[in-house]
S.K.: 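Please see the structure below; I have some questions.
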Amino acid sequence: MDNVCTTKIKPRIVGGTTSVHGEWPWQVTLHITSPVQGHLCGGSIIGNQWILTAAHCFSGVETSENLRVYGDIVNQSEINEDTAFFRVQEIIIHDQYKMAETGYDIALLKLESAMNYTDSQRPICLPSKGDRNVLYTECWVTGWGYTRPRGEIQNTLQKAKVPLVSNEECQTRYRKHKITNKMICAGYKEGGKDACKGDSGGPLSCKHSGVWHLVGITSWGEGCGQKERPGVYTNVAKYVDWILEKTQTA
Ligand code: 4AZ
């Protein structure tokens, strides 16, 4: 093949590239089995029986019996009737959640059985309380979501590096909304790299001092990858106490 080095890589997530096995070992694909089985949302492993995801993923879900959590997956095509999965014992939705755009877009899934951790299926750290003032400079959004607003679920897990945006700037980009300090925004002024439909619930992962932290949960945004329309994420640091309360009593 000619000109291999200049071959354009098809943009994915929106403006992302494909991930390799084990690159995002805390990323799970949450499937719904009814009416037909398919990817519903992303999620992150935060404990051996706990997945953190977005509350809005469950608006059309009748029962947790229709959910399956798959870890250690890069390609959706790896999943068939023989693929191991975790059943969901309980869906815990934040009791102040109404809709993604008004916040509290956070949910915990308690799995029926505990995961065994491996190099390619293991938890991500929550932001530590002492890290309230750290400036995260290496943040990536990942998922199997659309690569354009009217796209389709992708086979291969995608990744895109996105810079965090201050809440003040984010508020100027969303004048009709209230951007609260329980939200965190990320994206380029010119757009191009972003989460989109199907990435929801998945991680905004930031590396600090060599350790990956779950800084955001993909939640909402006006379109995908549009200029001056950053992606809006649930600000996980503001929910650490909620997460600890729910995972230590439920
Ligand atoms: C969605 O529909 C969605 N660009 C998720 C994230 C973003 C937009 C839409 C952010 O689930």
Side-chain angles (χ1 to χ4, degrees), residues 24-34 39-73 84-117 121-129 131-132 141-145 180-184 195 198-206 212-220 231-250:
W24 310 103
W26 48 86
Q27 169 91 54
V28 301
T29 169
L30 176 63
H31 278 213
I32 183 141
T33 57
S34 173
H39 172 87
L40 174 67
C41 268
S44 301
I45 302 167
I46 59 162
N48 66 8
Q49 55 179 358
W50 294 103
I51 304 299
L52 195 65
T53 185
H56 83 256
C57 293
F58 304 99
S59 58
V61 175
E62 287 182 358
T63 162
S64 60
E65 290 169 24
N66 293 342
L67 297 175
R68 293 182 171 193
V69 173
Y70 293 88
D72 205 355
I73 298 293
F85 63 87
F86 296 90
R87 291 187 189 277
V88 175
Q89 184 178 102
E90 192 183 359
I91 305 168
I92 303 172
I93 292 173
H94 198 291
D95 62 9
Q96 288 173 270
Y97 167 76
K98 287 198 189 77
M99 58 195 290
E101 289 164 69
T102 53
Y104 303 98
D105 192 9
I106 188 168
L108 280 160
L109 301 180
K110 187 178 188 183
L111 305 180
E112 283 190 4
S113 58
M115 286 186 168
N116 293 313
Y117 293 156
Q121 179 178 283
R122 53 121 174 138
I124 182 170
C125 297
L126 296 176
S128 30
K129 282 195 175 173
D131 285 1
R132 286 264 162 86
V141 61
T142 50
W144 288 275
T180 73
N181 64 6
K182 293 183 168 67
M183 301 172 181
I184 190 165
D199 295 319
S200 287
L204 176 67
S205 307
C206 303
W212 288 96
H213 292 92
L214 184 56
V215 169
I217 301 167
T218 300
S219 180
W220 65 277
V232 186
Y233 299 80
T234 304
N235 188 356
V236 177
K238 301 292 185 184
Y239 292 95
V240 172
D241 289 339
W242 180 84
I243 292 164
L244 294 178
E245 176 199 321
K246 296 300 176 184
T247 58
Q248 286 166 16
T249 60

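Note that the structure is predicted; figures quoted are calculated from it, not measured.
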S.K.: Name all residues meeting the side chain to side chain donor-acceptor pair (under 3.5 Å) criterion together with H94; count only those two or more places apart in sequence or in a different chain, and write none if there are none.
M.R.: none
S.K.: So, taking the atom named CG in L204 and the one named CG in D199, what distance separates them when rounded to the nearest 0.5 Å?
M.R.: 11.5 Å
S.K.: Check the surroundings of atom CD in E112: do more than 12 heavy atoms from other residues, nucleotides or ligands lie under 6.0 Å from it?
M.R.: yes
S.K.: Would K98 and Y104 count as a side-chain contact (heavy atoms from CB on, under 4.5 Å) here? Give the steps.
M.R.: CA-CA 8 Å; K98 287 198 189 77; Y104 303 98; over 6 Å; no
S.K.: Does T33 offer a backbone N or O that forms a donor-acceptor pair with the side chain of N66 under 3.5 Å?
M.R.: no
S.K.: Could you check if a side-chain atom of L108 sits within less than 4.5 angstrom of a side-chain atom of I46, using non-hydrogen atoms only?
M.R.: yes
S.K.: Would you please name every residue forming a side chain to side chain donor-acceptor pair (under 3.5 Å) with Q89, sequence neighbours left out?
M.R.: none
S.K.: Assess whether side-chain contact (heavy atoms from CB on, under 4.5 Å) is satisfied between M99 and W220, documenting all intermediate values.
M.R.: CA-CA 10 Å; M99 58 195 290; W220 65 277; over 6 Å; no
S.K.: Measuring only between side-chain heavy atoms, which start at C-beta, is I243 closer than 4.5 Å to W50?
M.R.: no
S.K.: Distance check, rounded to the nearest 0.5 Å: R87 atom CZ versus S64 atom OG?
M.R.: 10.0 Å
S.K.: Verify whether one side chain among W26 and S205 offers a donor that lies under 3.5 Å from an acceptor in the other.
M.R.: yes
S.K.: Measuring from atom OG of S44 to atom CH2 of W24, what distance do you get when rounded to the nearest 0.5 angstrom?
M.R.: 11.0 Å
S.K.: Measuring only between side-chain heavy atoms, which start at C-beta, is L30 closer than 4.5 Å to I51?
M.R.: no
S.K.: Just to verify, which of I184, L214, V215 counts as forming a side chain to side chain contact (heavy atoms under 4.5 Å, CB included) with C206?
M.R.: V215
S.K.: Under 3.5 Å, is there a donor-acceptor pair between the side chain of N235 and the main chain of N181?
M.R.: yes
S.K.: List the steps and the verdict of side-chain contact (heavy atoms from CB on, under 4.5 Å) for Y239 and L52.
M.R.: CA-CA 11 Å; Y239 292 95; L52 195 65; over 6 Å; no
S.K.: Mind checking whether L109 and F86 have side chains closer than 4.5 Å, heavy atoms only?
M.R.: no
S.K.: Determine, step by step, whether T218 and Y233 satisfy the side-chain contact (heavy atoms from CB on, under 4.5 Å) criterion, reporting the C-alpha distance in whole Å, the side-chain angles of both residues, the deciding distance to 0.1 Å, and the verdict.
M.R.: CA-CA 5 Å; T218 300; Y233 299 80; 3.3 Å; yes
S.K.: Apply side chain to side chain donor-acceptor pair (under 3.5 Å) to Y97 and list each qualifying residue two or more places apart in sequence or on a separate chain.
M.R.: none
S.K.: Measuring from atom OG1 of T29 to atom CG of D72, what distance do you get when rounded to the nearest 0.5 angstrom?
M.R.: 12.5 Å
S.K.: Tell me, please, which residues at least two apart from Y70 pass ring pair (Phe, Tyr, Trp, His ring centres under 6.0 Å).
M.R.: H31, F85
S.K.: In Å and rounded to the nearest 0.5 Å, what is the OG1 to CD1 distance from T234 to I106?
M.R.: 6.0 Å
S.K.: Would a 4.5 Å heavy-atom cut-off, applied to side chains only, mark I91 and L67 as touching?
M.R.: yes
S.K.: Return the CD1 to CD distance between I32 and E62, rounded to the nearest 0.5 Å.
M.R.: 8.0 Å
S.K.: Would you say that W242 contacts I92 through its side chain, given a criterion of any heavy-atom pair below 4.5 Å between the two side chains?
M.R.: yes
S.K.: Restricting to pairs with a member in residues 85-115, which pass disulfide (SG to SG under 2.5 Å), not counting sequence neighbours?
M.R.: none
S.K.: So do H56 and S200 actually touch side chain to side chain, heavy atoms under 4.5 Å?
M.R.: yes
S.K.: For the residue pair I45 and P25, what are the closest heavy atoms and their distance?
M.R.: CD1-O, 3.7 Å
S.K.: Would you say Q27 and W144 make side-chain contact, with heavy atoms under 4.5 Å?
M.R.: yes
S.K.: Please enumerate all residues that pass side chain to side chain donor-acceptor pair (under 3.5 Å) together with Q121, with sequence neighbours excluded.
M.R.: none
